[in-house]
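Notes follow once the structure below has been shown.
By convention in this document, chain letters (A, B, ...) are assigned in the order of the sequence lines, proteins followed by strands, and residues within each chain are numbered from 1.
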Amino acid sequence: MSCMNNCHMEPTSLQQHDTLLFKLRANFCNAWPKFKILLDQAQVIDYQCSQEITEINIEIPKSAGPHHVELHRYGKDHQHMIFQNDTIIADQVLEIVDVVVNGVRIPEYILDKHTRFSFQDQTHMGSRYFGPNGVWSWEYSGSLVTWVLDQKILHEAQYTQDYELPWSCNLGPDSVNKITTEISELLTKLENTKFNE
Amino acid sequence: MSDIICLSVDIINPDKPTASLAFLAGICEHVGMEYGVLSCNEQVILHTRKHETDNSDYNKIYNAVKMGDLDTIISLAGLVMDHMVEQIQAAQPKYLLVSLFSYMQFPFARELLVKIRSAGITATIIAGGPGIQSADGKAVTNGKKLLNDELIDFYVLGEGDEILPKFLQGHRDMLGLNSNEYPLETWVPQISDLENLYVRPSYKKINTDIYQNLESKTKPVLSISTSRGCVRSCSFCDVGKSWPKFRFRSGQSVAEEILSAYRDTGSVNFTLVDSLINGSLKSFNEFNNAMVAIKSQNPDMADFSYNGMFIVRDKKSHNEDFFRLMSQAGCDSIAIGVETGSERLRMDMNKKFTNADLDHHFEMCSKYGIQNALLMFVGYPTETDEDFQQTLSMLEKYQPYLIDGTILGINFTGIFSMLVDTPVYDDRQQLGIHISQDDLAHNDNKLKWVNHNNPDLTVKKRIQRDLLFRKKAAELRYPIPYSRRYLEYLAHMGPDFVPVSD
């Protein structure tokens, strides 16, 4: 359901970017995993883990339109898996443990629904555990925090009642536009009202 | 038939029963007299609600009450009042105890009392509450006005815990009990020994099921009071008028009252209705420790939760252990008086916490799962354009906390209203604030003021900031409850419009 796409309003921003943090867990097997992070097809990080837990920060500009964040897991080959009797007994793995925006953890249900891991001819929605080389990708639109909040509202609307909110998914897909338009009309009325002051 | 009917004029929100009626009920049980309860809020809800979440007609009445629009009040709620009068008549009480929640309730209360008198009801009527205490610029209280109009027989100014039981037992010569017999108006001296003189409220006869329960709890949320007064003296607040000194109950006694209310009603969710729940750090920590113990001893209370108003303090006073204990005890949400994003303006208001203190507060609340409703408003007399921009910046800064629920939303009261008996009102001349003589005569706190030291802050500018704030909040997805009815209220703006906070 993408009703919030129509009511997405870009806030008039006073701050220029958000900070996205990836908390990653890595397994060593003859080497640590390597990965690149791309934002809107431009590479921002090329990294090789050096310990079990890694935190990577990237800056996400607050700009309109669709955005793509990708994590490319690469460089793994036969040296990075150890078999014994056809059973994997050691494996070089990379896992996204948490994704945090501006210090606040993004709920898993949002990542489950809106991210995917693709490798060879397979795609697994919501997977954040990368055994093979592949691409984890995430698409969102506009300001990341606002987009996350819209997904949260959509998710919670299934379970809770609204109460006197001026906008919400239940009020309609264009509800944010409607309320801001109403406020703009009041601002115009205000401009044309002469007060006895 | 009942000896007493407790009547609360309390049309505020449809989400929980007001504490005032439970307080009056507690008084009646304390003196062992038969009583009935009647809440204007409940009656309006019952008569107007078509669906569980449809409060549109309720909000129309609320806005009419807020604007003091008696014609609309009568048009929308006249039948509700008539029904209430019939219920009182049927009960034939000896006493009618009336509580007015706030000054805004006065026109509704007055009209209801006119109907009560016109119906020939002979009960002795005694009134109290903040709405009775509220005075106009000439210091004439609403209680005095109702007495002069012969709509009530007595009124109380101040706390009723001690005076009301004595009144019901026949005593009449008491400070704070006002009637035609005593021309000089007096106040009840503030109770010092709150621990022993506090009368426990009772919800036994209150219909709590009709309330909307915005917290989505399974049982109604009950109100409880742990302290009176405030340790701050925020410039815009009149709490200091009613309660000059901060008095608090022991944390242990509060916990015991909660246990008792749970045994009476099954509710495990409570709102602490104090001006602030953490005024006394010692008592608050004691309460939290006691609730941790009670929960462990009463497995059925595992879902116990409480919320209340809270002041932000520095990291040293509110360290990590403090927040951890709150969370373990069951604190699930608090309302904090952020007011503005401008540290300078907050200091003007005497709020005494910095933006760094706020950063620490949210960080801890996020870590320990304590949710926050932000209390904010615009248009304080010394607010500049820069202050307002800092407020908008703050909304952006803390937007991520909406994701994990650390911030629930904004209880945005809109545009600052100047109340009589507040520090900013008392200091108005020093601040350069002028209020017209005509407005000083008004009883409804719709004071039209101008700050000569900040002349750009016209009424128009204040309304503009209100609207820009709401627009920004919507864009950033901050919930502002009851915003719909406030926008409908603002639509009434005209040349003589004086905005009143929600």
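Within 6.0 Å of atom NE2 in B:H492, 12 or fewer heavy atoms from other residues, nucleotides or ligands are found, so the atom counts as exposed in its surroundings. Within a 6.0 Å radius of CZ in A:R105, other residues, nucleotides and ligands contribute more than 12 heavy atoms. Heavy atoms from other residues, nucleotides or ligands lying under 6.0 Å from OH of A:Y129 number 12 at most.
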Open item on the list: Walk me through whether B:T458 and A:F195 qualify under side-chain contact (heavy atoms from CB on, under 4.5 Å).
Closed with: CA-CA 9 Å; B:T458 58; A:F195 286 85; over 6 Å; no
- [ ] Mind running side-chain contact (heavy atoms from CB on, under 4.5 Å) on A:L190 and B:M493 for me, showing each step along the way?
- [x] CA-CA 8 Å; A:L190 178 69; B:M493 71 173 92; 3.7 Å; yes
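In this structure, B:L487 and A:I183 have side chains that are in contact, with non-hydrogen atoms separated by less than 4.5 Å. Proximity of A:S184 to B:K471: side-chain heavy atoms (C-beta onward) are separated by under 4.5 Å at one or more points.
Salt bridge annotation for A:E182-B:R470: absent, with no cationic side-chain nitrogen under 4.0 angstrom from a carboxylate oxygen.
Evaluated for a side chain to side chain donor-acceptor pair (under 3.5 Å) with B:Q399, the options A:N102, A:D18, A:T146 yield exactly one hit, A:T146.
With a threshold of 4.5 angstrom between heavy atoms, A:E185 does not approach chain B through any atom at all. When heavy atoms are compared at a cutoff of 4.5 Å, B:V450 does not approach chain A at all. When heavy atoms are compared at a cutoff of 4.5 Å, B:S366 does not approach chain A at all. Interface residue A:V101: backbone and side-chain heavy atoms are both found under 4.5 Å from chain B.
For the atom pair CZ of B:R477 and CG of A:D150, the computed distance is 4.0 Å after rounding to the nearest 0.5 Å. Atom OG of A:S143 sits about 7.5 Å away from atom CG of B:L476, to the nearest 0.5 Å. With rounding to the nearest 0.5 angstrom, the CD atom of A:Q151 is 11.0 Å from the CD1 atom of B:I403. A:L187 contributes atom CG, which lies 4.5 Å from atom CG of B:L467 (distance to the nearest 0.5 angstrom).
In the model, A:T180 has no side-chain atom that pairs as donor or acceptor with a side-chain atom of B:E475 under 3.5 Å. In this model, no donor atom of one side chain and acceptor atom of the other lie less than 3.5 Å apart for B:K460 and A:T193.
Between B:A491 and A:K189, the shortest heavy-atom contact is O-NZ, 2.5 Å.
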